[in-house]
Amino acid sequence: MTRIDLRTEAWLKDIGLYCGGNTYDPGKLRQVIAEKSEWSERLKRNFEYVLNARQLSALDYEEKVDIEFASDDQLYGYLKRLYAYVFEDGPFPEWN
């Protein structure tokens, strides 16, 4: 496991609440995000940070969130779809 910075760690905890392997409900996350709050704004900023920094590995994500990806490229493809779904009204993001 690589060293995960505090912003990524906070994002992993937040995203795991709604999009973990045992709690997969991006629809609920989308509803919660629709209600603008300090938490939702922080999640968006941290999500953008994770996508841009690209320091999180597929293995790190799996260890924290319980969803497996074969490669970092597959992980980031999924995360871009998840971001688009939650914040840009994109299509539902399948991960399996």
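This is a predicted model, so every value here is computed, not measured. Throughout, residue positions are numbered sequentially from 1 according to the sequence presented.
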Check whether any side-chain heavy atom of [X] sits under 4.5 Å from a side-chain heavy atom of [Y], and report yes or no.
X: Asp60; Y: Lys64; result: no
X: Lys80; Y: Leu51; result: yes
X: Leu82; Y: Pro26; result: yes

Interatomic distance, [X] atom [atom1] to [Y] atom [atom2] [nearest 0.5 angstrom]:
X: Arg54; Y: Leu56; atom1: CZ; atom2: CG; result: 10.5 Å
X: Leu12; Y: Tyr61; atom1: CG; atom2: OH; result: 7.5 Å
X: Asp5; Y: Gln55; atom1: CG; atom2: CD; result: 5.5 Å

Discussion item. Tell me the closest heavy-atom pair linking Arg7 and Arg45, and the distance in Å.
Written reply: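 Arg7 and Arg45 have their closest heavy atoms at NH2-O, 3.4 Å.
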
Fill in: Which atom of Tyr85 lies closest to which atom of Pro93, heavy atoms considered
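In terms of heavy atoms, the two residues are closest at CG-CD, 3.5 Å.
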
Discussion item. Applying the side chain to side chain contact (heavy atoms under 4.5 Å, CB included) criterion to Ser57, which one of Leu75, Ile4, Asp72 satisfies it?
Written reply: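 Among the candidates, only Asp72 passes.
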
Worksheet item: Are Phe92 and Tyr78 grouped together when hydrophobic residues (ILVMFWY) are joined by side-chain heavy atoms under 4.5 angstrom apart?
Response: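 Yes, Phe92 connects to Tyr78 through the hydrophobic network.
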
Item to complete: Indicate, with yes or no, if the rings of Trp11 and Phe47 have centres closer together than 6.0 Å.
Response: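 Yes, they do, as the ring centres are separated by less than 6.0 Å.
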
Worksheet item: Just by modelled atom types, is the Glu48 backbone N or O under 3.5 Å from a matching donor or acceptor in the Asn52 side chain?
Response: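 Present.
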
Worksheet item: Does Tyr83 reach the main-chain N or O of Glu88 with its side chain, forming a donor-acceptor pair under 3.5 Å?
Response: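 No: the side chain of Tyr83 does not pair with the backbone of Glu88.
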
Fill in: Under the side chain to side chain contact (heavy atoms under 4.5 Å, CB included) test, residues paired with Glu68 that sit two or more places apart
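Residues passing side chain to side chain contact (heavy atoms under 4.5 Å, CB included) with Glu68: Glu62.
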
Discussion item. Pair Arg81, Glu94 - check salt bridge (charged side-chain N to carboxylate O under 4.0 Å, His left out), show working.
Written reply: CA-CA 9 Å; Arg81 291 189 304 275; Glu94 297 292 339; over 6 Å; no

Worksheet entry | Inter- and intrachain pairs under salt bridge (charged side-chain N to carboxylate O under 4.0 Å, His left out), touching residues 24-35, at least two apart |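 Applying salt bridge (charged side-chain N to carboxylate O under 4.0 Å, His left out) to every pair that reaches into residues 24-35, excluding sequence neighbours, yields Arg30-Asp89.
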
Name the atoms and distances for all side-chain donor-acceptor pairs under 3.5 Å in residues 13-23, with sequence neighbours left out.
| unit_1 | atom_1 | unit_2 | atom_2 | d |
| --- | --- | --- | --- | --- |
| Asp14 | OD1 | Trp39 | NE1 | 3.2 |
| Asp14 | OD1 | Arg42 | NH2 | 3.3 |
| Asp14 | OD2 | Trp39 | NE1 | 3.4 |
| Asp14 | OD2 | Arg42 | NH2 | 2.7 |
| Thr23 | OG1 | Gly16 | O | 3.0 |
| Thr23 | OG1 | Gly20 | N | 3.2 |

Discussion item. Does Glu38 have more than 12 heavy atoms from other residues, nucleotides or ligands lying within 6.0 Å of its CD?
Written reply: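 Counting other residues, nucleotides and ligands, CD of Glu38 stays at 12 neighbours or fewer.
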
